[in-house]
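Numbering of ligands and ligand atoms starts at 1, following listing order. Below, all heavy atoms of this structure are taken into account, side chains as well, without hydrogens, waters or symmetry copies.
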Amino acid sequence: MDRVADRIAETLAAAGIRHAFGMPGGEVVTFIDALERAGIGFVLARNETAAAMMAAGAHAVTGAPGLLVTTLGPGLANAVNGIADACQERAALIVVSGVVERAVRGRYTHQVLDHAALLHPLVKASFEIEPEGAVAITARALGLATAGPYGPVHLDLSPAVAAMPALAEPAVPPAPLIHPSYISASRSIRELRARLVAAKRPVLLAGYEALRAGAGPIITQMAVEGGMPVLTTYKAKGLLDETHPMALGGCGLSPLADAILLPFLDQADLVILAGYDPIEMRGNWLGRLHDPDRIVEITDWPSDHGMHRAGTVLAGPVLPLLKAVASALQIVPYWPGSEIAQVRAALDDAFTGPAAWGPHSVIAALEAFLPPDAIVTVDSGAHRILLSQKLRVRQPGGLLQSSGFCTMGAALPLAIGAATEVKGRAIVAVMGDGGLEMTLGELGTLRDQGLGLVALVLQDESLALIELKQRQAGLAMTGVRLGATDYPSIARAFGGTGIAVDDAPSLTAALEAAFRSDRFTLIAARINSQDYVGRI
Ligand SMILES: Cc1ncc(C[n+]2csc(CCOP(=O)(O)OP(=O)(O)O)c2C)c(N)n1
């Protein structure tokens, strides 16, 4: 006999979902059973917020929506930060929570919360699944989650409904989306092409939606054949291999990089924003791209903010629009002087470390070691800003992080989610000691899932980013010092390998050993938080 839960699970599996992440409770055991029967493996996390980010990591590498399963009340409440992260990171996430049976809901109080109200500002919609239309509502949730901008959708499912016999209901396959090619003939495309032909100093600033649209090859062509310099947000790093001479790297959070990049952008006579979502940008960018004569935006949806203002907005699918525009790229080189090389040199210089050992050399050693198709995840903090500016990402999707929401505790779960789905690629989670200590329990998830990934903690015994802010404000260091945790012992206690390193050759040796091992490795690179001062 098929249960309602089975039909829901089949609908989720048909959308390409292969794993669910979460923490069970009595209210979701039937649903988890149905998931496993439908071929969706349940990954037990140690914390629901981490589980939501694991689902986001899985989503980032497969493109299928992530799936989070929580129990009612405390389970869902504990996922709130992870769901907020999916909201601000534009991640398609289906959240299924248990809920108290309707029959007793009006009288029963234990663990009873209004789930929809709790999640109201974070999710695109919250539905309760009924036996009638269970497939249709699940399909609707999938459709909403993957409508741009992507985001989380919540479904309540009571144990009684989950266990009921399924009613006859047709499957609801997603309608294929077709992007017609008429756009290449449209007036606005012709105009933009004409502007590209006339431009002397154009720049492409690409964001996450360009990455999601698969625009890496066309952007690479624009840079390599068309001589177009390319700048990206942090999440879009790697759209153009960042070792290429036309790659200007990432931008968004670093005042040091902004001091180089914003004056450079002021020199551009045409700035094309492609799939660019300014949720990743900090205050320096507020109002900076407000020049209608120079700014053209290619976007899937109209903006609802005041961060930038384009004179022309091409609203539509980013990939075909970019392709239509790219055909007009100049043969004559843009930027006839040495401006691009100078900006690259200035950025290199700005993010060169003060000493032979420190956060800068950790990132340099990591980059030298990693294969081009590696996936790096990075947490929030001073280390993240430095890494996002310094690490040259070789492929789209090569760097995952929480960059719109900037939550701590993202790197380890994102890496676990990615490693659950992708085999045979090097995956490294880079974090500060503050972020690691928020998610230490997930080392148990790593062990139990048999994931041999590498966690690299930049151990400075400080919440360095906040320490920097206190320093800049002339305040005392309060509430930012962390003790000297013995991470190698912790890693061993969780069944992994742990090692502390204090110089670059030892780090390289530790990375080499880590990638030979099928157990997880936690590498603690002991650094000094002072090395970030004035350098991010
Ligand atoms: C969940 C959450 N809490 C607090 C913050 C504010 N915050 C941003 S970075 C940071 C310090 C991070 O310290 P650590 O992980 O050690 O990294 P570091 O800055 O030392 O590189 C804090 C507290 C946040 N972004 N997210």
Side-chain angles (χ1 to χ4, degrees), residues 47-53 56 77-89 122 234-235 252-256 279-283 351 353-354 357-363 366 376-391 399 401-415 428-443 455-473 475 477-485 487 490 500 522-536:
N47 176 294
E48 287 84 349
T49 269
M53 293 179 198
N78 207 28
V80 163
N81 195 51
I83 298 170
D85 184 66
C87 170
Q88 296 232 311
E89 298 307 313
L122 308 178
Y234 286 173
K235 281 160 73 89
L253 296 186
S254 158
L256 199 59
I279 196 163
E280 291 189 61
M281 314 308 277
R282 287 210 66 160
F351 295 103
W357 174 245
H360 297 75
S361 48
V362 169
I363 294 163
L366 181 65
V376 176
T377 69
V378 66
D379 223 68
S380 281
H383 68 284
R384 186 267 291 260
I385 300 177
L386 181 63
L387 182 141
S388 299
Q389 293 299 152
K390 191 172 169 64
L391 185 80
L399 180 63
Q401 57 179 290
S402 166
S403 157
F405 196 45
C406 288
T407 183
M408 291 167 71
L412 192 52
L414 280 172
V428 181
V430 181
M431 63 208 81
D433 32 9
L436 172 60
E437 294 195 9
M438 253 185 205
T439 47
L440 265 179
E442 304 309 336
L443 295 179
L456 173 58
V457 55
L458 284 93
Q459 186 174 16
D460 54 13
E461 298 174 29
S462 169
L463 304 175
L465 188 63
I466 313 306
E467 183 187 318
L468 271 182
K469 296 193 182 206
Q470 290 174 336
R471 201 182 285 275
Q472 281 159 5
L475 299 170
M477 309 291 131
T478 308
V480 290
R481 298 307 299 174
L482 304 165
T485 305
Y487 292 124
I490 288 186
L522 176 59
I523 303 174
R526 291 187 290 219
I527 56 155
N528 190 333
S529 63
Q530 306 260 341
D531 286 346
Y532 293 113
V533 178
R535 291 195 168 83
I536 57 171

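Contact record, Arg481 with Ser529: NH1-OG, 3.7 Å, taken as the closest heavy-atom pair.
No side-chain donor-acceptor contact under 3.5 Å links Asp379 to the backbone of Met408. Looking at Gln470, its side chain does come within 3.5 Å of a backbone N or O of Thr478 through a donor-acceptor pair. Under a 3.5 Å cut-off, the side chain of Asp433 and the backbone N or O of Asp460 do form a donor-acceptor pair. Looking only at distances, no side-chain donor or acceptor of Gln88 sits under 3.5 Å from a matching main-chain atom of Thr407. A side-chain donor-acceptor contact under 3.5 Å links Glu89 to the backbone of Ser403. Here the side chain of Ser380 pairs a donor or acceptor atom with the backbone of Cys406 at under 3.5 angstrom. Of the possible donor and acceptor atoms, none in the side chain of Gln401 sits under 3.5 Å from a partner among the backbone N and O of Arg384.
Considering backbone and side-chain atoms together, Gly435 places an N or O closer than 3.5 Å to an N or O of ligand 1. Inclusion of Met438 in the set of residues having an N or O under 3.5 Å from an N or O of ligand 1 is not warranted. Ligand 1 has no N or O atom lying under 3.5 Å from any N or O atom of Gly381, backbone or side chain. Polar contact check, Leu463 against ligand 1: no nitrogen or oxygen pair lies under 3.5 Å apart. Taking any N or O of Asn81, backbone or side chain, none lies under 3.5 Å from an N or O belonging to ligand 1. Polar contact with ligand 1: present for Met408 (N/O pair, distance under 3.5 Å). An N or O contact shorter than 3.5 Å links His383 to ligand 1 by distance.
Between Ala464, Gly434, Ser380, it is Ser380 that holds the heavy atom closest to atom 12 (C) of ligand 1.
Of the heavy atoms in Ile466, only side-chain atoms (C-beta onward) come closer than 4.0 Å to ligand 1. By the criterion of a heavy-atom distance under 4.0 Å, the backbone of Ser462, and not its side chain, is placed next to ligand 1. Residue Asp460 touches ligand 1 through its side chain alone, judged by heavy-atom distances below 4.0 Å.
Remark: Phe405 CZ to Ile83 CD1 distance equals 11.0 Å, nearest 0.5 Å.
The single protein non-hydrogen atom nearest to atom 25 (N) of ligand 1 is Cys406 O, 2.8 Å, given as residue, atom name and distance. Of all protein heavy atoms, the one closest to atom 1 (C) of ligand 1 is Thr407 OG1, 3.4 Å.
For the pair Gly409 and ligand 1, no heavy-atom separation below 4.0 Å is found.
Each of the following atoms of ligand 1 lies closer than 4.0 Å to a heavy atom of Ala382: 18 (P), 19 (O), 21 (O).
Counting non-hydrogen atoms of neighbouring residues, nucleotides and ligands closer than 6.0 angstrom, the CZ atom of Arg282 reaches no more than 12 such neighbours.
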